[in-house]
Amino acid sequence: MNLKNLNKILEKEPDFRKKQIEKLIYQKAIEDWNNATELPLNLRKELSEKTSLKIKAKLVKSKDAEKALIRLNDNYQTETVLMKHNKGNTVCVSSQVGCALGCKFCATAKIGLKRNLETEEILEQVLLFKRNYKIRNVVFMGMGEPFLNYENVLSVIKIINSKNAFNIGARRISISTAGIVEGIEKLSNEKLKINLAISLHAGNNKLRERLMPISKKYPLELVLKTVNTYIKKTKRKVMFEYALMKNVNDSLKDAKELSKIMNHPLYMVNLIKYNDTKEFKAPSKERIKEFKDFLKNQGINTTERYRFGRDIWAGCGQLCLKK
Ligand code: SAH
């Protein structure tokens with residue numbers, strides 16, 4: 001799609017036509033303007049020429065997930081993942097090609113940042129799956145740091161949420177951030193009831209700085225202070241993601257430290273069994289259980305993430321590892 005061209009075409013159309021076209025794109029999810037027989041022929045032609053609905057994608061499927069590699073106009077690729085729960089499907093979208101943050105354990109970091117994704121390039125990731133599935137949730141947990149592409153991410157969220165477009169409730173939309181404080185602040189001033197998740201992975205600054213260099217700029221105290229203001233303003237719960245890595249952040253001492261800073265009624269800890277890479281490995285099942293039980297016994301709201309699509313390199317932190 002080319003949203004700029006689309007908006008220009010819509011400008012000269014009456015309101016009912018705008019709504020009709022939005023519904024065709026996002027709800028009926030048509031793949032070709034020629035199928036929109038309810039539109040006048042000359043309009044269909046103009047739309048096909050200026051805002052083609054074709055998405056160049058390669059799909060890789062597994063039992064419970066599907067990964068799409070989407071080819072962009074400048075030949076970069078973006079990756080998006082569909083996760084099939086029994087409750088409904090979730091699309092995990094990328095907000096950038098690559099990532100600038102350099103987290104030591106994440107495959108996306110290895111390619112560095114190529115560029116931000118445009119609004120339509122993020123939208124197309126949802127649209128592609130919408131053409132074959134019902135979509136219940138959208139999470140910004142793919143490649144890139146959503147808060148470093150704030151404006152585009154927010155305009156995507158507004159379209160995902162809009163009644164005429166995807167019509168997915170704000171509570172079914174989540175953003176995950178490595179802790180970009182300005183982004184958290186901005187989000188707390190939007191009137192949007194979406195979910196916020198923070199990638200934590202460590203309970204002290206020394207370890208967190210080693211794993212996530214960006215925490216030198218945004219230390220834990222500052223991130224948590226900003227999250228608390230966000231909670232005050234929005235009354236929303238906040239999720240903290242903690243990927244358990246063997247002999248890195250999985251000891252009882254780590255759990256103790258974590259439980260101290262997570263002691264807040266509206267914090268939730270989401271433990272992720274690390275998806276192995278060359279440098280880091282997941283702890284044993286027993287160790288994960290010990291870690292989880294410890295947090296629970298301390299009264300911390302703790303869940304463990306079900307892992308989708310690891311066999312097709314679609315799991316957390318695996319985007320960009322294999323093509
Ligand atoms: N940049 C944002 C969005 C990415 S979300 C953020 O950092 O939050 C992807 C999540 O997967 C992040 O929490 C990331 O830290 C985590 N992750 C990265 N590599 C992983 C791996 N190999 N196994 C499990 N989780 C991983």
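Remember, it's 1-based here, ligands and their atoms both numbered in the order they're listed.
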How far is [atom] from the closest protein heavy atom, and which atom is that?
atom                    : answer
atom 2 (C) of ligand 1  : Ser176 O, 3.4 Å
atom 10 (C) of ligand 1 : Glu241 OE2, 4.2 Å
atom 7 (O) of ligand 1  : Ser199 OG, 3.2 Å
atom 19 (N) of ligand 1 : Gly317 CA, 3.0 Å
atom 14 (C) of ligand 1 : His201 NE2, 3.7 Å
atom 25 (N) of ligand 1 : Cys316 CB, 3.3 Å

### Message
If we count only N and O atoms by modelled type, under 3.5 Å, do the side chains of Thr177 and Glu145 hold a donor and an acceptor together?
### Response
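Short answer, yes.
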
### Message
Can a side-chain donor-acceptor contact be found between Asn270 and Thr303 if the only test is distance below 3.5 angstrom?
### Response
yes

Where ligand 1 meets [X] - atom numbers and elements under 4.0 angstrom, heavy-atom basis:
X      : answer
Ala178 : 6 (C), 7 (O), 8 (O)
Glu145 : 1 (N), 2 (C)
Gly142 : 4 (C)
Cys106 : 18 (C), 19 (N)

### Task
Not counting sequence neighbours, which residues clear side chain to side chain contact (heavy atoms under 4.5 Å, CB included) with Arg17? List them please.
Glu13, Pro14, Gln20, Ile21, Leu39, Pro40, Leu43

#### Entry: Cation-pi, Tyr133 ring and Lys84 (6.0 angstrom, 45 degrees)
no

Check for me whether [X] has a heavy atom closer than 4.0 Å to any atom of ligand 1.
X      : value
Arg307 : no
Gly144 : yes
Gly315 : no

Using a 4.0 Å heavy-atom threshold (strictly under), name the region of [X] that reaches ligand 1: side chain, backbone, both or neither.
X      : answer
Asp276 : neither
Phe105 : both
Gln318 : neither
Met141 : both

### Message
Closer than 3.5 angstrom, by distance alone: can the side chain of Glu66 be matched with the main-chain N or O of Met83 as a donor-acceptor pair?
### Response
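Answer holds: no.
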
### Task
Check for a donor-acceptor pair, side chain of Arg208 on one end and backbone N or O of Leu200 on the other, with a separation under 3.5 Å.
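Pair found, side chain donor or acceptor close to backbone of Leu200.
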
### Task
Check each of Asn34, Asp32, Ile25 against Leu53 using the side chain to side chain contact (heavy atoms under 4.5 Å, CB included) test, and report the only one that passes.
Ile25

### Task
Determine, stepwise, if the pair Lys4 / Glu118 fulfils salt bridge (charged side-chain N to carboxylate O under 4.0 Å, His left out).
CA-CA 11 Å; Lys4 227 189 199 162; Glu118 297 296 337; over 6 Å; no

### Query
Any salt bridge (Lys or Arg N to Asp or Glu O under 4.0 Å) pairs touching residues 239-260, not counting sequence neighbours?
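Every salt bridge (Lys or Arg N to Asp or Glu O under 4.0 Å) pair that includes a residue of residues 239-260, provided the two are not neighbours, is Glu241-Arg305, Asp250-Arg287.
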
### Message
Does Glu121 form a side chain to side chain donor-acceptor pair (under 3.5 Å) with Asn152? I'd like the steps, not just the answer.
### Response
CA-CA 10 Å; Glu121 290 171 333; Asn152 291 347; over 6 Å; no

### Task
Return the minimal non-hydrogen interatomic distance between Gln125 and Val91, and the atom names on each side.
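Nearest pair, atom of Gln125 first, then Val91: O-CG1, 4.0 Å.
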
Sub-3.5 Å N/O-N/O distance, [X] and ligand 1:
X      : value
Phe140 : no
Lys273 : no
Asn275 : yes

### Query
Is the number of heavy atoms from other residues, nucleotides or ligands under 6.0 Å of Lys45 NZ greater than 12?
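No.
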
